[in-house]
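Data block below; observations after.
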Amino acid sequence: METIQSDVVIIGAGGAGLRAAIALAEADPSLRIALLSKVYPMRSHTCAAEGGAAGVIKGDDSLDLHFGDTVGGGDWLCDQDAVEFFINEAPKELTQLEHWGCPWSREKDGAVGVRPFGGMKMKRTWFAADKTGFHLLHTLFQTSLKYESIRRFDEVFTTDLLVSDGRVQGCCAIEMRTGEMLQFQAPAVIICSGGAGRIFPFTTNGAIKTGDGMALAYRAGVPLKDMEFVQYHPTGLPGTGILLTEGCRGEGGVLRNKDDYRYLQDYGMGPETPLGETVLKTMELGPRDRLSQAFWHEDKAGNTIPTKWGNCVYLDMRHLGEEKINERLPFVRELAKSYVGVDMVTDMVPIRPVVHYMMGGIHTDINAATPMPGLFAAGECACVSINGANRLGSNSLTELLVFGRRAAESAIAYLNGAQKPAVDTAAADRQAAEAEGRIHALFDRKDGGETIAGIRDAMADSMESGAGIYRSEELLKDTTATLADLRKRQTGIALKDKSKVFNTELTQTLELSCMLDVAQAVAVSAFERKESRGSHQRLDHTERDDTTYLKHSMAQYRGEDAPAIDYLDVVITKSQPGVRDYSGAKS
Amino acid sequence: MAKSNKPIVWGLFAAGGTISAFVAPVMILITGLLVPLGVFGEDAMSYERMTAFLSHWIVKIGLLGIVILTLWHAAHRLRITAHDFGIRNDSTIAMGVYGFAGLFSVIALFAVLAI
Amino acid sequence: MSRKPYVREVPKATWYMRNGRYLRYMAREVTCIFLALYMAGLTIGLVRLMQGPDKWETYLAGVSSTPAVIFHLIAFGFACYHAKSWFDVTPKAMRIPQGNDFVPGRIIVGTHYGIWGGVSLVALVLMGVL
Amino acid sequence: MSERQITFEVLRYNPETDDKPWVQTYAVPCQEEWVVLDAINYIKDHLDTSLSYRWSCHMAVCGSCGMMVNGEPTLSCKAFLRDYKGNTIRVEPLTHFPIERDLVVVLDDFMEKLTSVKPYIIPKKEKPVEEGEYKQTPRQLKNYKQYTMCINCMLCYAACPQYGLNDEFIGPAALALTHRYNLDSRDGGRSQRQEVVAQHEGVWECSFVGACSEVCPKDVDPAGAIQQMKIASTVDWYLEHLMPWRGK
Ligand SMILES: Cc1cc2nc3c(=O)[nH]c(=O)nc-3n(C[C@H](O)[C@H](O)[C@H](O)COP(=O)(O)OP(=O)(O)OC[C@H]3O[C@@H](n4cnc5c(N)ncnc54)[C@H](O)[C@@H]3O)c2cc1C
Ligand code: SF4
Ligand code: F3S
Ligand code: FES
């Protein structure tokens, strides 16, 4: 087994991983940086983000307003110290990206333009047409090519963390083109492996978003925090789950039910705003959880439109006119045309809520550090708790930048710290050999009649039915039981593909086991939280309960058993829990 | 990694391509088809008319420009096309095609000036 | 190492037979042969003209022969194809700013076709009148 | 929902057991709104778990699912079955690249070339982040925007015959990205990039076949970018050789 020595290993080369790598390379050119990714960096799912990235720059806006929107949007489950840090750093990071060449959309005088976004009181979302994440990712990736100290390992699939003495010591991974195991020894590891939307059947997330990094940390003993908070995005294309950005509503698109009625006014987000005029934080610019929940009620009331892909409502953009649509949302127009055959200039687009984002993730503190010495995490896989119970759109791209850099700085501080952490190479070698043995054993499994697709679909269906937009004790009981069963049944998958080179059956098997672990953490956390907050809505506990649950859930891995759930206090600095008000009355 | 010297010939290639696109079709039409077929009458290209026509210096320069640039355009394109057809000794080809273009350019120059 | 990437060789002399796009490209490229031959012929004509009326007459007779007319017919076709393929791609090479955008490609292409038509027409008219 | 039975002829190659690629056929019951990638996923899930290929976003933005579909370089997640009339569809790995396995090709060559053209802002003058953003008018943005849209899907390399004949050629996407940075009002690095662009294997290996732009799923128009760079390089050359006093 080849061993690669470095100072910092980064697992994942999406927005967060690349930002961390660049920060390391800039801070100290002598650092040896290993950047691992199971796909080429520019394939990372950050490329799919459309709408934009939030950061305060305009005169009429303020850091306090961004803070208020974020904390309220998160239903007060955010750690307010982290939010404050995040909001302070956001404009700097976005400007830095501008200096690196990101093609931000501009105002007439050449200043960066901002657009309105759901749940934000001010226009503060920087955007690059409707391909913000794409441009962000490619800008970071291309900029990273400048630094020779960033050693990339593309299409290298991480399977295990190496941990000894309670500290992380590196990781091991399969080089997909050879099928060989590689051992990465390093005193510091940053996980930036993205989300896990694929545990649901209907998601905007790409095939690679299988929660691998979350599972790695979880299995190594780091708790997963607030996993029950899963964001549904209200406007997905039926069938494929392709996202129509929130920018659609930001630019003035409206939602209608089967009677052409703008139903959001019935769900505390009214009064109805005039067509073509958007009022921030009301109606279509309400937060995602509320909009998705409204859909659920409309569907139950029989007000949705049946299509061959299931029930839908309409997104109406017609009043915006062709010119504005082409200028601001060209990509979205193209997507709707290709995938559902509708031109939004002349027709309404069928849409429905779709799983989009994991608020929860690897537990980290404000420094992007996990409880395990040497292990850091940033991006969607992590939960620093700036998103609370519901992320505001356009906060997460900024989060990648702010906490990607923060993780890098913390890693450097750790490396230079008093203990001068070193790798116990003997222990690492031993663990890596064990990990390799486990992979080899997968090839020899007996056929128990199970298939990857079978177990994956069963998992996703049970997540949708029990841990979807609305949850209840009964539904969740079924789901947790199913998941526990599926975790056992996965050992009955026999690999038909015995070759080493680019064996995607092998990687899919590994991804499936990560997804099952993560799904179980989601379902069990949801089961234990007997209140409704943000994206977590219980039919049997419909109110928010700040006395018992103004706390983060912490799912602790317990091997083959279901996780144990503990709670951790939320950090509150200046905003006491209040009412989330998205009616036009106030503000 | 030396910079290529292709810009010299490429400049001529592009100029010749443009000029010939505008004028070559109609020139061929007139001199190669309509006149030989007698459309403009018997003496459309009589010796007298042609020498008179070519006695004007603007015509001389114009015609020379067209002929020479088109030849260079063609030579350069042929060099690439030879490569496309699988002929790989580029330097021999280049000598051949540019030589041809050069030779005929000189002849044209000589003839036009002498008329 | 179990890698053994397989390299598919591209046939060096027949690759363009693989699809219509490449064939169109090759057709465009060989237009140059006809342009060159025509210009060479014209140059010979100029030499003949320089040599005096007798030589010029033999040249004219040559151009009027059937093979010459057939050659010119084909050359005319290729020259037109050259012009079309050249003008159609002009917007790629020249981007002319206009406001916050560029002059639309079809206008650039259209202008070229216009000039082409104009030049040809003038030449024909001049010939008729001369 | 209407189903359509389509036979997929897929080029397979396993370096550990095969000497050369071979064709395997699969009969797939397809939904009418499917794309080719959906059918391939169906094969992977239900017919043959050993088939290897790349994909992720299913929305034509990650650039990983490029394949030859009926001989044409195509993003398989954007190749709607309704646009294919016959009952057989042939799927092969992108041409001009070595086959790693099945539909997976080796991309090292492009990654090196991309790095060689310095695809990042080389500022005219460093400006600290604290001083805020560089101003860039919508007009200046428009100037290079089209060339930022490249998703590195490699369809253009599979389409470009000159790259097929000579893989030293820097190739369409890398050159389009070079042009992108050259045209950016914040950039001052053109002369550094010229070292690569102006050599034989740079723009001059391109004979303006135009196939790259025809297959590009994002309308990047690399062919246009390359021609514009040829013109600029020619102007450079004349300035340098005919007016040497203008300096470097
Ligand atoms: C359709 C869509 C639209 C969105 N729009 C917006 C928006 O407008 N605004 C906003 O703020 N946010 C948006 N988001 C959310 C945001 O894009 C994501 O949260 C963010 O991009 C995640 O970035 P990341 O760097 O954490 O992970 P990713 O970009 O997903 O990268 C993960 C990386 O980890 C690697 N990796 C994973 N597992 C392994 C393994 N086992 N071994 C090795 N490497 C591994 C992958 O290869 C990849 O490089 C959107 C999300 C989606 C899906
Ligand atoms: S230029 Fe177009 S075809 Fe080529 S890699 Fe980029 S997006 Fe793909
Ligand atoms: S196809 Fe190739 S030859 Fe040039 S115009 Fe495109 S790079
Ligand atoms: S799967 Fe991402 S481009 Fe096709």
Side-chain angles (χ1 to χ4, degrees), chain B residues 14 16-18 20-41 44-51 53-54 63-64 66-68 70-71 73-78 80-81 84-88 97 100-101 103-105 107-108 110-115, chain C residues 11-16 25-26 28-54 56-57 60 63-65 68-69 71-73 75-76 79-80 82-87 90 93 112 115-116 119-124 127-128 130:
Chain B
T18 309
S20 59
F22 282 122
V23 302
V26 72
M27 279 175 72
I28 300 177
L29 184 67
I30 292 173
T31 65
L33 294 169
L34 299 182
V35 170
L37 296 177
V39 175
F40 297 117
M45 287 198 343
S46 67
Y47 182 75
E48 292 71 31
R49 290 186 78 169
M50 289 315 287
T51 40
F53 179 58
L54 274 167
L63 188 68
L64 270 181
I66 293 171
V67 171
I68 294 176
T70 305
L71 280 168
H73 161 81
H76 184 65
R77 197 165 240 188
L78 199 58
I80 309 277
T81 308
D84 288 340
F85 275 118
I87 305 165
R88 286 300 132 86
V97 291
F100 178 87
L103 181 67
F104 275 83
S105 299
I107 297 178
F110 187 68
V112 167
L113 291 184
I115 291 170
Chain C
K12 290 269 183 276
T14 55
W15 58 270
Y16 45 88
Y25 160 75
M26 285 307 255
R28 182 190 90 188
E29 294 301 280
V30 297
T31 58
C32 71
I33 297 179
F34 294 90
L35 290 179
L37 290 178
Y38 171 74
M39 289 299 165
L42 196 68
T43 306
I44 292 170
L46 291 173
V47 174
R48 290 297 185 236
L49 197 62
M50 175 190 78
Q51 288 168 336
D54 296 350
W56 176 246
E57 281 307 317
L60 277 188
V63 208
S64 306
S65 67
V69 171
F71 165 77
H72 281 112
L73 200 63
F76 176 65
C80 288
H82 163 65
K84 178 183 156 29
S85 60
W86 193 270
F87 295 146
T90 44
H112 278 92
I115 298 176
W116 183 27
V119 168
S120 306
L121 208 68
V122 168
L124 285 170
M127 267 320 279
L130 261 168

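Letters A, B, ... mirror the listed sequences (proteins, then strands); counts begin at 1. For the numbers below, each heavy atom of this structure counts, side chains included, while hydrogens, waters and symmetry mates do not.
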- Measuring heavy-atom distances to chain C, does B:Val35 have an atom under 4.5 Å in its side chain, in its backbone, in both, or in neither? side chain

- Message: Side chains of B:Leu63 and C:Leu46, heavy atoms from C-beta outward: is any pair under 4.5 Å?
- Response: yes

- Task: Among C:Val63, C:Leu49, C:Leu60, find the one that has a side chain to side chain contact (heavy atoms under 4.5 Å, CB included) with B:Met45.
- Result: C:Leu60

- Among B:Ala14, B:Ser105, B:Ala101, B:Gly41, which residue forms the greatest number of heavy-atom pairs with chain C at distances under 4.5 Å? B:Ala14

- Message: So which residue, C:Leu42, C:Val119, C:Ile115, ends up with the most heavy-atom pairs under 4.5 Å with chain B?
- Response: C:Ile115

- Qualifying side chain to side chain donor-acceptor pair (under 3.5 Å) pairs, either residue in residues 25-40 of chain B, two or more places apart: B:Thr31-C:Tyr38

- Task: Among the options C:Ala40, C:Ala123, C:Gly41, pick out the one with the most heavy-atom pairs lying under 4.5 Å from chain B.
- Result: C:Ala40

- Message: Please enumerate all residues that pass side chain to side chain donor-acceptor pair (under 3.5 Å) together with C:Gln51, with sequence neighbours excluded.
- Response: C:Arg48

- Tell me, with the steps shown, if B:His73 and C:Met39 meet side-chain contact (heavy atoms from CB on, under 4.5 Å). CA-CA 11 Å; B:His73 161 81; C:Met39 289 299 165; over 6 Å; no

- Item | Side chain, backbone, both or neither of B:Leu78 within contact of chain C (heavy atoms, under 4.5 Å) | both

- Query: What part of B:Ile80 lies closer than 4.5 angstrom to a heavy atom of chain C: side chain, backbone, both or neither?
  - Reply: side chain

- Message: Between B:Leu54 and chain C, with a heavy-atom cut-off of 4.5 Å, which part of the residue counts as in contact: side chain, backbone, both or neither?
- Response: side chain

- Item | Note, C:Phe87 side chain near B:Phe22 side chain (heavy atom, < 4.5 Å) | yes

- Sort B:Val67 into side chain, backbone, both or neither according to what part of it lies under 4.5 angstrom from a heavy atom of chain C. both

- Measure distances from B:Phe104 to the heavy atoms of chain C and classify the residue's part below 4.5 Å as side chain, backbone, both or neither. both

